[in-house]
Amino acid sequence: MDPELKAYFDGIFRNLSQQIAQSRQENHETRHDLTQQIAESREHAERLNQETRHDLIDHMDRRINETHVLIEDVRHEVQLLAEGIITIHDQLGRILADHEERITRLERRGIL
């Protein structure tokens with residue numbers, strides 16, 4: 001082979017070899033950067049998940065506590081209602097007994 005042609009091809013080969021080496025280095029750096037960014041993104045997503053989970057648990061705890069307060073309030077209201085019904089029942093029982101006694105007295109007197 002002609003020495004000039006050989007030198008020309010050797011130059012092209014060296015140039016291509018350098019470009020390939022540079023491209024491999026850039027690919028390696030890019031892969032390293034992407035791997036690092038993915039790891040950081042995963043860490044960030046995990047932090048957000050933890051924060052969201054914590055916020056949801058706090059929210060649920062507050063709602064559960066509010067529900068317990070409301071249930072206790074309803075329980076108290078039902079108890080007051082039951083006591084009122086018992087009081088009315090007792091009063092009506094006394095009124096009924098009083099009327100029965102009056103009717104009985106009137107019947108004995110012969111008025112009815």
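Checked against side chain to side chain donor-acceptor pair (under 3.5 Å), Asn65 has no partners two or more places apart in sequence or in another chain. Here Asp58 pairs with His54 under the side chain to side chain donor-acceptor pair (under 3.5 Å) rule; sequence neighbours left out. By the side chain to side chain donor-acceptor pair (under 3.5 Å) test, Asn27 pairs with no residue at all, sequence neighbours left out. The side chain to side chain contact (heavy atoms under 4.5 Å, CB included) check on Leu81 picks up Ile85, with sequence neighbours excluded. For Leu16, the side chain to side chain contact (heavy atoms under 4.5 Å, CB included) partners at least two apart in sequence or on another chain are Ile12, Gln19. In terms of the side chain to side chain donor-acceptor pair (under 3.5 Å) criterion, Arg62 has no residue partners (sequence neighbours excluded). Residues satisfying the salt bridge (charged side-chain N to carboxylate O under 4.0 Å, His left out) criterion with Glu83, sequence neighbours excluded, are absent altogether.
Here the straight-line distance linking atom CD1 of Ile38 with atom CD of Gln36 works out to 11.0 Å at 0.5 Å rounding. Separating the CD atom in Gln91 from the CG atom in Leu96 is a distance of 13.5 Å, to the nearest 0.5 Å. In this structure, CG in Leu106 is found 10.5 Å from CD in Glu101, a value given to the nearest 0.5 Å. For the atom pair CD (Gln18) and CZ (Phe13), the distance works out to 11.0 Å, reported to the nearest 0.5 Å. To the nearest 0.5 angstrom, Asp55 atom CG is 11.0 Å from Gln50 atom CD. Note that the NE2 atom of His68 and the CZ atom of Arg63 stand 14.0 Å from one another [nearest 0.5 Å].
Hydrophobic cluster membership for Ile71: none, as no Ile, Leu, Val, Met, Phe, Trp or Tyr side chain comes under 4.5 Å of it. Other residues sharing a hydrophobic cluster with Val78 under the 4.5 Å side-chain heavy-atom criterion for ILVMFWY residues are Val74. In this structure, Leu92 shares a hydrophobic cluster with Ile88, the cluster being traced through Ile, Leu, Val, Met, Phe, Trp and Tyr side chains under 4.5 angstrom apart.
Sorted by first then second residue, the salt bridge (Lys or Arg N to Asp or Glu O under 4.0 Å) pairs that include residues 71-82, not counting sequence neighbours, are Glu72-Arg75. Legend: salt bridge (Lys or Arg N to Asp or Glu O under 4.0 Å) pairs involving residues 27-48, not counting sequence neighbours: none detected.
The pair Asp98-Arg102 meets the salt-bridge criterion, with a side-chain N (NZ, NE, NH1 or NH2) lying under 4.0 Å from an Asp/Glu carboxylate O.
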Salt bridge (charged side-chain N to carboxylate O under 4.0 Å, His left out) between Asp90 and Arg94, worked out: CA-CA 6 Å; Asp90 290 345; Arg94 285 192 300 275; 5.1 Å; no
